[in-house]
Amino acid sequence: MLRHEFRPGRLVAGVFFTLAGVIYAGDAGGLWETPWFVVIPVVTAGLCLAGATGVVARSIRRRRSPSRRTTPAGTGPDPAGVVPID
């Protein structure tokens with residue numbers, strides 16, 4: 001059984017941040033010469049792809065899962081946690 005929900009957007013973000021770390025590590029190790037601004041597009045593209053992946057995964061998850069509301073409307077607590085003031 002899974003301990004937590006799989007979030008592919010976080011995986012994509014982690015891969016791009018790891019890539020940025022590898023780029024800087026290769027530069028620090030002397031394997032190649034990297035200008036300082038190269039990592040900015042890598043991280044920006046990674047965050048954009050992670051956001052898009054997260055939105056797609058969330059829409060797929062919502063479409064596949066049954067309605068989370070088990071009580072009829074008005075009989076249970078408000079799903080947003082807002083308590084009406086009378």
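Throughout, residue positions are numbered sequentially from 1 according to the sequence presented.
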| message | Tell me whether Trp32 at atom CH2 has more than 12 heavy atoms from other residues, nucleotides or ligands lying less than 6.0 Å away. | response | yes
Side-chain donor-acceptor pairs under 3.5 Å in residues 8-19, sequence neighbours left out?
{"residue": "Thr18", "atom": "OG1", "partner": "Gly14", "partner atom": "O", "Å": "2.7"}

| Smallest separation among heavy atoms of Trp36 and Tyr24, with atom names | O-OH, 3.2 Å
| note | Contacts satisfying salt bridge (charged side-chain N to carboxylate O under 4.0 Å, His left out) that involve residues 14-36 (not counting sequence neighbours) are none
| Linking I/L/V/M/F/W/Y whenever any side-chain heavy atoms sit under 4.5 Å apart, do Leu49 and Val56 land together? | no
| request: Sequence neighbours left out, what passes salt bridge (Lys or Arg N to Asp or Glu O under 4.0 Å) with Arg7? Give chain and number order. | output: Glu5
| request: State yes or no: do Val43 and Val38 share one hydrophobic cluster built from I, L, V, M, F, W and Y residues joined by side-chain heavy-atom distances below 4.5 Å, directly or via other members? | output: no
